[in-house]
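I have placed the structure first, in the form of structure tokens, so that the comments after it can refer back to it.
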Amino acid sequence: MNAVVTESLEPLIAGLRSRGFTVVGPTTRDGAVRFAEISCAAQLPAGRGDEQQPGRYRLTERHDALVFGFAASPDSAKRYTQPPRQSLFRMREGTVEEAEAEAPRIALLGVRACDLAAIAVQDRVFLGGRHPDPAYRKRREAMLLIAVNCAVPGGTCFCVSMGTGPKATAGFDLALTELSDPHRFLIETGSGRGAEIVTTISHRPATGDDISAAEEISRVAATRMGRQVDTDGIQERLAGAHDSPRWAEVASRCLACTNCTMVCPTCFCTTVEDSSDFTGGVAERTEVWDSCFTLDFSEVGGSSVRGSGSARYRQWLTHKFSTWFDQFGMSGCVGCGRCITWCPTGIDVTEELGCIL
Amino acid sequence: MHPMTSAPYLVRSRRPDRADTVTLALKPVEGPCPPFLPGQFTMIYAPGVGEIPVSISGRARSGGYVQTIRAVGAVSGALCRTRRGDVVGVRGPYGTAWDLSAAAGLDVVVAAGGLGLAPLRPVIRELAAHGSRYGRISLIVGTRTPATLIYPGELARWRDRDGIDVQVTVDHPDLAWKGPVGLVTRLIDRIVFEPRRTFAFVCGPEIMMRATAAELVRRGVSAARVMLSVERDMKCGVGRCGHCQLGPLLTCLDGPVLSYERAAGLLAVREL
Ligand SMILES: Cc1cc2nc3c(=O)[nH]c(=O)nc-3n(C[C@H](O)[C@H](O)[C@H](O)COP(=O)(O)OP(=O)(O)OC[C@H]3O[C@@H](n4cnc5c(N)ncnc54)[C@H](O)[C@@H]3O)c2cc1C
Ligand code: SF4
Ligand code: SF4
Ligand code: FES
């Protein structure tokens, strides 16, 4: 492992900002860890932890100096890779103006291994097919990813089952492991850009002790998953489970509130909104996040193909764990646990899978 | 260009087919119109109102697309109300095509329900133009009432000039109607084809396609040789909005034209 050690993230944040990056990192707001622009390391949620269970999220006090002592937060990189609202174009009589595809230079600090896996899923969706999205490509290329290896997985995490974590192995520019006694960060580089940034901050080479301490963090984290899923043959097993009585059971608890899809880092479904100015001369199209939990999502000929809640829950869950493989050659779930934590009625995909399969 | 950006197209001509249906010829404001395969669709944008998938029903003499649209809601209504010279947005063509080469040398059954005749029109024109490449050619059409039949003039020409066996049935006859009454599947009895050497193109409401395909297969046509065009809600047409999912398929990319062999199991699952 080619790694270095630094005592503080201050020079890293300052260095990124001086290179024109907007640094976006975890902060605490509204009782949760939320991504926001930060200008110094003091804005990171030092000493804060979280407690996550189905339908339950609480910030806690950790009584230590860890700044990344919490698990996945409701925000994910999706907010930046695929913004919730995007203007597509304006049409005025015979002319079409594409929205200025400015790609902000964002350094996203604190991305977890599951979220890197989710970005890889989105790359497949938006760049891997017959109709690649140049605006997405620009945003991705302008984005610097600074991962954090999880030390304290949440009660709803199951990245080990999904093979996506807890240690970041690919897709990052830099990856941090936060170590204590003494408090320090081990930094691994994952790209030329990352390596170049490391040269500008004060650091020392990692010792064997630093490296084994970091390995121990990831090893222990892997044993502390809040949840697990048996993924063996899951694609086929789920495809054959259309008639399970469990769909109706879970639908009786599901509010179709769409929370699970909004917090999911891989859910990519969108719809389009149209508007025009007062004279009707300029028409604008906007793409916004959508959810397969809404009734009008699958409307054909005046009625919804998936009129029942059980069909909509089945669509969502089979898409994540089965038909995503057919469409994109990979799983649509990365095991971040957000949909479990943020479901108001505490519906737990891992539990549902256990009952259905 | 972004896959969601429309190109401006001019409405070159507008022909009302019936009270609620018009056929538009659309041509790019600038540059050539991308080629299409029979069965493919475009996403047509009514500025400020919305965008819908519409099958291409032919190539216009002026070089653009011919598309037949029925006003059933806000967007289709706005498109049907456009006038010659108006500008709309068009993206595409998208989706899979009717495989005409697979039908070569075989008897061909074309079955249309209602507006399903529009996406089949390029198929029938090809069959009419190159009849010798195929065996017996039959076109069966079901429509609600005699007044809702689209392309009546062309149907007559296909029958009288091109030697296609054209049969039409209606659900609700009027006083003048002398032809068959009832479902399009009943016309299968009235046409001549050798099931083991037959290729079929079927388009219409899902229930009509299921019944027709099942009946053809029951008579011995291979399910792999029965093609249908599946309709699902579509917002993007390019595999990024998720609306058109049919189990493992994204209908906009893997369809709309599918073999009954592939579609049968999917269409049999309720609320898939
Ligand atoms: C691949 C493909 C090809 C197609 N090809 C064609 C084609 O060639 N020609 C064509 O005309 N169409 C075609 N369609 C269908 C066409 O896309 C739809 O008719 C269109 O999307 C309807 O959109 P809309 O906005 O006009 O109607 P919407 O307002 O979205 O209405 C959609 C449906 O809801 C019904 N509806 C709306 N409001 C109500 C209400 N209050 N109560 C009850 N029902 C209501 C309408 O009757 C309509 O059936 C195709 C679709 C696909 C997927
Ligand atoms: S389905 Fe749930 S656990 Fe899986 S990636 Fe989405 S939010 Fe995370
Ligand atoms: S968050 Fe829970 S209640 Fe809301 S749609 Fe998802 S499963 Fe249903
Ligand atoms: S129409 Fe958007 S994914 Fe198919």
Side-chain angles (χ1 to χ4, degrees), chain A residues 86 88-89 91-96 98-99 101 125-126 129-135 239 242-243 267-277 280-285 287 290-292 296-302 304-308 310-312 314-315 318-319 322-327, chain B residues 1-10 28-30 43 45-51 72-75 78 85-92 94 205-207 230-254 265-266 268-272:
Chain A
Q86 278 185 77
L88 293 170
F89 64 84
M91 188 162 177
R92 187 194 314 262
E93 290 176 7
T95 62
V96 167
E98 278 198 306
V125 172
F126 290 113
R130 270 173 272 165
H131 304 276
D133 177 343
H242 281 303
D243 300 325
C267 273
F268 61 86
C269 290
T270 53
T271 188
V272 230
E273 285 177 7
D274 291 283
S275 57
S276 53
D277 65 2
V282 182
E284 181 166 11
R285 304 213 82 201
E287 189 177 83
D290 199 0
S291 169
C292 59
D296 62 5
F297 188 82
S298 61
E299 200 174 87
V300 171
S304 178
V305 169
R306 290 183 283 277
S308 71
S310 55
R312 296 204 291 283
R314 182 181 70 185
Q315 159 65 26
T318 40
H319 190 211
S322 182
T323 53
W324 209 294
F325 287 98
D326 298 294
Q327 295 163 2
Chain B
M1 202 159 58
H2 195 282
M4 293 294 279
T5 304
S6 304
Y9 274 58
L10 268 180
V29 168
E30 265 175 47
M43 298 296 295
Y45 173 51
V49 186
E51 188 185 49
V72 296
V75 184
D86 283 354
V87 175
V88 297
V90 174
R91 300 185 288 125
Y94 299 131
E206 197 160 301
I207 186 162
V230 186
E231 185 170 329
R232 281 291 176 276
D233 184 26
M234 293 187 183
K235 295 287 185 226
C236 74
V238 291
R240 62 183 279 134
C241 77
H243 286 258
C244 70
Q245 294 184 60
L246 174 63
L249 307 181
L250 289 171
T251 305
C252 63
L253 300 176
D254 304 311
L266 301 173
V269 181
R270 270 192 63 233
E271 298 192 289
L272 187 61

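This structure is a prediction, so every number in the text was calculated from the model and none was measured. In what follows, chains are A, B, ... by sequence order, proteins preceding strands, each numbered from 1.
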Heavy-atom distance under 4.5 Å to chain A: side chain of [X], backbone, both or neither?
X: V238(B); answer: both
X: Y94(B); answer: side chain
X: M234(B); answer: neither

Kindly compute the distance separating [atom1] ([X]) from [atom2] ([Y]), expressed to the nearest 0.5 Å.
X: H243(B); Y: D290(A); atom1: NE2; atom2: CG; answer: 4.0 Å
X: L253(B); Y: H131(A); atom1: CG; atom2: NE2; answer: 5.5 Å
X: L246(B); Y: S298(A); atom1: CG; atom2: OG; answer: 11.0 Å
X: F126(A); Y: R240(B); atom1: CZ; atom2: CZ; answer: 5.0 Å
X: H319(A); Y: Q245(B); atom1: NE2; atom2: CD; answer: 4.0 Å

Contact origin within [X] toward chain B - heavy atom pairs under 4.5 Å:
X: R130(A); value: side chain
X: D296(A); value: backbone
X: E287(A); value: side chain
X: T318(A); value: neither
X: S304(A); value: neither

Note to self: Could you walk me through whether E51(B) and D274(A) satisfy the side-chain contact (heavy atoms from CB on, under 4.5 Å) test, starting with their C-alpha distance in whole Å, then the side-chain angles of each, then the deciding distance to 0.1 Å, before giving a yes or no?
What the structure shows: CA-CA 9 Å; E51(B) 188 185 49; D274(A) 291 283; 5.8 Å; no

What are the two closest non-hydrogen atoms of [X] and [Y], and how far apart are they?
X: E93(A); Y: V87(B); result: O-CG1, 3.3 Å
X: P8(B); Y: G94(A); result: CG-O, 3.2 Å
X: A283(A); Y: Y45(B); result: CB-OH, 3.4 Å
X: L88(A); Y: T5(B); result: O-OG1, 4.4 Å
X: S6(B); Y: F89(A); result: OG-CZ, 3.3 Å
X: G48(B); Y: S276(A); result: CA-CB, 4.3 Å

Note to self: In the structure I gave you, are the side-chain heavy atoms of R232(B) and V305(A) within less than 4.5 Å of one another anywhere?
What the structure shows: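 Yes; the side chains approach each other to less than 4.5 Å.
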
Check: So do P3(B) and P134(A) actually touch side chain to side chain, heavy atoms under 4.5 Å?
Finding: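 In contact.
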
Report the option among [options] that has the most heavy-atom pairs separated by less than 4.5 Å from atoms of chain A.
options: V29(B), L250(B), D254(B); value: L250(B)
options: P47(B), G242(B), C241(B), G247(B); value: C241(B)
options: L10(B), V72(B), V49(B); value: V49(B)

Next item on the list: Using the side-chain contact (heavy atoms from CB on, under 4.5 Å) rule, take M4(B) and Q86(A) through it: C-alpha gap first, then chi angles, then the decisive distance, then the call.
Entry: CA-CA 11 Å; M4(B) 293 294 279; Q86(A) 278 185 77; over 6 Å; no

Check: Most heavy-atom pairs under 4.5 angstrom with chain B, which of E284(A), M91(A), R285(A), R306(A)?
Finding: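 Heavy-atom pair counts peak at R285(A).
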
Next item on the list: Pick whichever of V300(A), V272(A), D133(A), D277(A) has the most heavy-atom pairs under 4.5 Å with chain B.
Entry: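 Of the candidates given, the most pairs with chain B belong to D133(A).
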
Check: Do E98(A) and H2(B) have a side chain donor and acceptor closer than 3.5 Å?
Finding: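 Distance-only check fails for E98(A) and H2(B).
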
Check: Does R314(A) pair with E271(B) as a salt bridge, N-O distance under 4.0 Å?
Finding: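 So R314(A) does not pair with E271(B) through a salt bridge.
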
